[in-house]
Student: 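Would you mind keeping the following structure in view while I ask a few things?
Chain A is the first sequence line, chain B the second, and so forth, proteins listed ahead of strands; every chain is numbered from 1.
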Amino acid sequence: MSASKIQVEARLWLAQRLSAFVLALGVIIHLVTIVYAVRGGLSASEVVDRVGGNLGWSLFYGIFVVAVAVHAPIGLRAILNEMTSLTSRRVDLLCFIAATFLVVTGLRTVLAFHHLRVG
Amino acid sequence: MREENLIVSVWRGDGEQGEYVDYRVPREESQTVLDVVTYIQRKIDPTLSYRFSCRVGMCGSCAMTVNGKPRWTCRTHVSKVAPDGKLSVGPLRIMNVVKDLSVEMSDFFEKWVRAEGRFHPTKTRYDDFDAIKPADNKRKIASAGIECIGCGICYSGCDVVAWKAEYLGPAALNRAWTLVNDVRDGGQIARLNAIAGDAGCHACHSQQGCVENCPKHLNPTASIAGLKRVTAFAALKGGLK
């Protein structure tokens, strides 16, 4: 293994651990909020009415999306490297595409939700 | 104790060709799997090859696959692993078979060398001894992994080693971790560079097959997790080359 690749592996491991910490915290907040907010059913329009346009929630889910986009492709990279015969360059490219896809589609959704308000 | 026989299937052959051959061995009280194998060699078929030395769980040379699991045969009682009187004894998996139950362990020990599993002294004979307190935190971490007997059981039980031949494996990495926590050692940078990466500690999936099988009840998975932490911080500081 080339010298710089060792650096990359160690840093990716740290990035995956830190993003896992953010995700664990995020999932707990997400689930607790759902349990707390649902009182005899909750419609989409009610959700948008309560949190749509709220900067705090938009930031929270924005961070969540970034954490997913960091965490998932690193795991995918390990799986592809171990389970397929793809070269490591191809795997890195695929995982970079996966990360870009997650961050773009995720942040687009969060932004759209932020601008959505029920009148 | 009433007289009864064990039915023992023993691997005969090398890694390429061979088969399990059944033997009948008289059941004895407090009988170990090594006793059974020794009986077969001494009383039934003297051409059976196997390896052992101390017979008391210190040397780590008698490891074999017993009823599908890697075990130290000298400390494995037949009553615990074969209550139905049927025993299967094969060579350790992953390692190449020399003959019958003897395996080639060169790869296993070369990986210890590759993992910088040797002590790098920092003092000469003219210096004083380092005063290391047993209660010192780093010493306690090193002591937790130091009792490895090099039997190869964790290595044989590790699925990552099975599908990734270049992976250093739990024993070599556990050894490296004990030295990372040895304050007297001067080879830390070289060691961290040797054990980082996808053939080193970062390949471990934390499945804990090594912990499950280690006859000395060590925890190589925890040692490898420690190496992942230390290498990550070294990478941040630019300590990895």
Side-chain angles (χ1 to χ4, degrees), chain A residues 1-28 31 63-103, chain B residues 94 110-111 113-116 158-170 172-173 176-177 180 187-209 220-241:
Chain A
M1 172 183 282
S2 69
S4 61
K5 203 172 171 203
I6 292 173
Q7 286 266 19
V8 171
E9 292 291 333
R11 285 179 183 174
L12 283 179
W13 178 82
L14 190 62
Q16 200 180 28
R17 279 298 150 112
L18 290 175
S19 57
F21 176 73
V22 173
L23 286 175
L25 209 64
V27 167
I28 290 168
L31 291 178
I63 292 167
F64 195 89
V65 163
V66 173
V68 169
V70 170
H71 190 83
I74 299 174
L76 186 66
R77 180 175 173 269
I79 294 168
L80 290 176
N81 272 328
E82 282 180 8
M83 308 299 286
T84 70
S85 55
L86 293 170
T87 62
S88 60
R89 278 179 72 112
R90 284 222 169 133
V91 167
D92 286 350
L93 181 69
L94 277 175
C95 292
F96 182 74
I97 292 169
T100 311
F101 175 77
L102 285 172
V103 83
Chain B
I94 295 172
E110 272 164 20
K111 286 178 178 179
V113 179
R114 269 177 29 212
E116 285 291 336
C158 174
D159 286 335
V160 182
V161 179
W163 71 62
K164 193 174 204 164
E166 69 271 30
Y167 175 46
L168 292 170
L173 291 170
W177 177 240
V180 163
Q188 303 298 0
I189 303 284
R191 183 168 300 114
L192 292 184
N193 279 295
I195 55 88
D198 59 4
C201 63
H202 294 102
C204 172
H205 286 225
S206 308
Q207 282 173 285
Q208 305 190 49
T221 306
S223 300
I224 296 167
L227 289 175
K228 287 176 181 171
R229 278 196 305 276
V230 173
T231 49
F233 289 119
L236 278 184
K237 289 179 191 162
L240 297 183
K241 296 282 158 51

Student: Between Lys5(A) and Asp198(B), is there a side-chain heavy-atom distance shorter than 4.5 Å?
Tutor: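 Contact flag for Asp198(B)/Lys5(A) side chains = yes.
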Student: Distance from Lys228(B) atom NZ to Arg17(A) atom CZ, nearest 0.5 Å?
Tutor: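 Rounded to the nearest 0.5 Å, the NZ-CZ separation comes out at 6.0 Å.
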Student: Within this structure, what is the CD-CG distance for the pair Gln7(A) and Leu236(B), rounded to the nearest 0.5 Å?
Tutor: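 If we round to the nearest 0.5 Å, Gln7(A):CD and Leu236(B):CG are 9.0 Å apart.
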Student: For chain A, which candidate among Gly238(B), Cys201(B), Ala232(B) shows the most heavy-atom pairs at distances under 4.5 Å?
Tutor: Ala232(B)
Student: What are the two closest heavy atoms between Thr231(B) and Ala10(A), and how far apart are they?
Tutor: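 Looking at all heavy atoms of both residues, the closest pair is O-CB, 3.7 Å.
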